[in-house]
Amino acid sequence: MATTARRSKKAAEPASDPKQLLSFYHDMLLIRRFEEKAGQLYGMGLINGFCHLYIGQEAVVVGMQSAISNERDSVITSYRDHGHMLACGMDPKGVMAELTGRMGGYSKGKGGSMHMFSLEKKFYGGHGIVGAQVPLGTGLGFAHKYNEDGGVALVYLGDGAVNQGQVAESLNMAALWKLPVVYIIENNKYAMGTSVERATAGVELSHRGVPYGIPGEAVDGMDVLAVRDAGLRAVERARKGDGPTILDVKTYRYRGHSMSDPAKYRTKEEVAKMREQHDPIDHLRAILIDGKHATEEDLKVVDAKVKEVVVAAADFAQASPEPDASELYTDILIGG
Amino acid sequence: MPAMNMIQAVNSAMDIMLARDNDIVIFGEDVGYFGGVFRATEGLQKKYGLDRTFDTPIAEAGILGVAVGMGAYGLRPVVEIQFADYIYPALDQLVSEAARLRYRSAGEFTSPLTVRVPCGGGIFGGQTHSQSPESLFTHVCGLKTVIPSNPYDAKGLLISAIEDDDPVIFFEPKRLYNGPFDGHHDRPSGIWANHPLGEVPADYYKIPLGKANIVREGKDVTILSYGTMVHVAQCATEETGIDAEVIDLRTLLPLDIDTIVESVKKTGRCVIVHEATRTSGFGAELSALVQENCFYHLEAPIERVTGWDTPYPYSLEWHYFPGPDRVGAALKRVMEG
C-alpha cells in the first residue's frame, strides 16, 4: 500500500491523551466484534439478504468521529454503515435488531442493513444506492450553514461512488456555496469486484476537487490518529467558513463486498498481508502498550466490556419480535 | 439439449451474439473482469477481449448515454444495469435520448441497444435491491420491454432483443436465476435442470418479441402474468383446482393483445398478477385493455394481484410478495362472480 511510509511517520507522533487512545481502542474493537457477530448471525440464517461488513476499516469512522462534535455535526454514509452508526453512539441493540429484521431495530426491521437512521445521534443514514447519499450530505451542509448552527456534515462515500455524476454535481455546489462539508472517500481499493484502477481515470482521488478548488488530502486509513489529524484540519476549515475538503482515506476491507462475494478479484495473500501487517486495531494496541499508555490488563477489561455489549445486542436482536404485517403500510406518507 | 439455469442461458445468448456480430459490445458495472455480480457475463471478457466486454465506472447515466452514442454510430451495445433499483440515474438518457432519437431524427438515427436489468424481490434485498419498475418503461413510447420467466425464453428473447433495432429494456427476475420459484418461500426451491424450460439449445435461436406464451390451457379464467409470477400463478392454479389459462406475456411492449383477447373471450374472466406495486402498475394497463376489448364477454370484474403500494420491506418481504395464496383467493373470487 502506497501510504505505508506516510503512516509510519504519523504513528511516531501519537496523541498524548491515554484516555482518548483507550476510547479509540474500545470503539474500534466494538465495531469489529459487532461485525464478527453479525457475520455469525448471517451464517446462522438470522440475518438475510445484503450485509456489508466494515471489518478492517474501523480506524476511518472512529478517527473522523473524534474530530467532530456529536451534538452539532451530522453524518451520512452509504450501505457499509454499521460502523458509522456505532461510532455515532447509536445503540448496538437497535442496529443488530435491524439486521435481524425485528421491531426493535432502528427502522422497525423494514429497512435492513443498508437503511438505518437516528435523528437523535444526527446520523442521516444508511443509503443503498451508490453515491446517492452525497448530494443529500451536501444538503445537510447547506442546512448547517443556513441555520448558522456551526455544524459540519461528514459525508462518507466509497471509491466506486466517486465516478457517479451526482458526486461531481455535489462537489461543484459545495464549493460554489462554500458549504461546511467534509467528503470522506473510504478508499478500500475495490468497488465490489472492480478495482479502482479498472474503473477510474486519475486514481489520486484526493485530486477530485481540483477543478472546483476543493483541497484534498490522502490519508492513511489504517491509522486512527492519522485519520483524526486530517479530520480535525478539514473540520476546522469547514467550521471557519472556508468550504469543503476531500479526504481520500486509504483503507481495506477484509471480508467480501457483501456476504455472497466469491472474492475472485484479489488474492488471499493480499488480504492476509493487510490483516497481518496493517491491521488498524493491532496498530493502536501497539501504540498503547509500547507507549505505556495502557497495560495488557487495561485492554482485557475493554475486551470483556465490548464482548458483553455485543452479546447483549445479539440476544436482543433475536428476542425482539418481528414487525406486525400492519407495519407494511406505516411511514409511507404522513397521515396516509 | 443441455440444461441451463437462467444465468447460463443469458450468458449463452451473449456469447453467441458476440461471436456473430462484431458490432456488439457488452459493458456495465463489474461485468468484465469480475464476470458480473450474478455471473451473467462470466468468461466473456476472456473469450472476446477487453474491447468487447468491459467494466464501467459506477455511473449509470453515463453508461446509458455512452450506449446511445455508440448505437447512433452503428454499434450494438448490450448494457447491464446491476440491479433495476440502480437504473433511475439513467432515466434521462433512456427517456429523452434512447427512446426519442428515432422520432426526432425522422428515422435517420436509431438506438439499437439492449439494457439487461436484474429485477424483483424474494432475496431479502430490501427497498433498494428488490424493485420491479417495468411500468416506468412501458409508459415511455419508443422503448420495448421484455421479461422472461425461464431459461429457454430468456435466451431466445435476449437474442431477439440484441438484434432489434430499437432500445429494449430486458428485465431478468433474479429470483428465477437459479431455479423456478412458485412463491412458497418456506419450501426448498426447484432447479432448472428438473424443469422442461431449463432445457436450452446450445445454438442460436430466437423467440420473437411481442408474442405471448400460453403456459397452461384452461377454460375457467385467464391469468395474465410475467416473470416470477408466471410460476406463482401456475402454482395457485394447481392448488385451487381452478382450470385457469395461464398466459406468460414475455414482452410487455410490444404486447400480444390478440392472444390476451382470444383467451379472455373464451374464459370470460381475468386475473392479472405482477410483483410490482399496484397503482399505475402494468396491471392497470392490462385491465383497461381487457375491458376495452372484452367487455361484453366478462362474467366477473377483472382482478389484480400485485405487490402492495409500499416500498419493498426487508423483514416483511413475504407479506409484500404476492404469493400463491393471494393469487388463489383472487381466482376464487372471480369464479364466484
Side-chain angles (χ1 to χ4, degrees), chain A residues 47-51 79 97-103 105 107-115 127-132 158-168 190-196 198-201 257-258 260-265 322-332, chain B residues 27-39 41-42 45 50 54-65 82-90 92-93 121-131 174 185 277 279 307-321:
Chain A
I47 297 172
N48 289 302
F50 294 81
C51 184
Y79 47 83
E98 188 61 35
L99 299 184
T100 54
R102 304 304 174 95
M103 198 60 190
S107 298
K108 297 182 186 173
K110 297 194 291 183
S113 165
M114 298 176 279
H115 312 114
H127 296 267
I129 299 295
V130 172
D159 49 85
V162 300
N163 297 314
Q164 278 282 25
Q166 55 190 331
V167 173
Y190 298 95
M192 191 172 297
T194 299
S195 65
V196 172
R198 264 188 251 281
T200 303
H257 166 78
S258 66
S260 55
D261 177 356
K264 285 180 178 171
Y265 49 85
E322 290 183 6
D324 187 79
S326 62
E327 288 292 344
L328 262 175
Y329 267 94
T330 61
D331 302 318
I332 296 173
Chain B
F27 55 100
E29 294 157 7
D30 289 305
V31 308
Y33 180 79
F34 189 54
V37 63
F38 295 107
R39 323 307 302 160
T41 49
E42 186 148 39
Q45 184 176 79
L50 272 166
F54 52 90
D55 293 313
T56 65
I58 302 172
E60 294 81 11
I63 293 168
L64 256 304
Q82 200 165 72
F83 285 80
D85 317 72
Y86 301 175
I87 204 167
Y88 305 123
D92 185 40
Q93 294 298 332
I123 62 161
F124 287 104
Q127 60 180 259
T128 53
H129 293 76
S130 305
Q131 294 166 82
K174 51 189 180 285
H185 59 92
T277 49
T279 302
W308 307 120
D309 280 341
T310 78
Y312 220 115
Y314 167 61
S315 63
L316 295 169
E317 171 142 57
W318 299 116
H319 289 273
Y320 174 92
F321 187 92

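In this text, all values refer to a predicted model and were calculated from it rather than measured experimentally. Hydrogens, waters and symmetry mates play no part in the numbers below; they use all other heavy atoms, side chains included. We name chains A, B, ... by the order of the sequence lines, and we start the count at 1 in each one.
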For B:S315 against A:G101, the heavy-atom pair lying closest together: CB-O, 3.1 Å
By a 4.5 Å heavy-atom criterion (distance strictly below it), what part of B:T56 contacts chain A: side chain, backbone, both, or neither? backbone
Among A:G165, A:G160, A:A132, A:G105, single out the residue with the greatest number of heavy-atom pairs under 4.5 Å to chain B. A:G160
Between A:N163 and B:A59, which heavy-atom pair has the shortest distance, and what is it? O-CB, 3.4 Å
Can you name the closest pair of heavy atoms from A:L328 and B:P313 and give their distance? CD2-CG, 3.5 Å
Here the pair of heavy atoms bringing A:I332 nearest to B:D309 is CD1-O, 3.6 Å
Does a side-chain heavy-atom distance below 4.5 Å link A:M192 with B:E29? no
With chain B as the partner, which of A:H257, A:H115, A:K264 has the greatest number of non-hydrogen pairs under 4.5 Å? A:H115
Between B:E317 and chain A, with a heavy-atom cut-off of 4.5 Å, which part of the residue counts as in contact: side chain, backbone, both or neither? neither
Please state whether the side chain, the backbone, both or neither of A:I47 comes within less than 4.5 Å of a heavy atom of chain B. both
Are B:Y33 and A:T194 packed together at the side-chain level, in the sense that at least one heavy-atom pair is separated by less than 4.5 angstrom? no
Part of A:D324 within contact of chain B (heavy atom distance under 4.5 Å): backbone
Among B:Y314, B:F124, B:F83, find the residue that satisfies the ring-ring contact (aromatic ring centres under 6.0 Å, His included) test when tested with A:F50. B:F83
Using heavy-atom distances under 4.5 Å, tell me whether A:E322 contacts chain B through its side chain, its backbone, both, or neither. neither
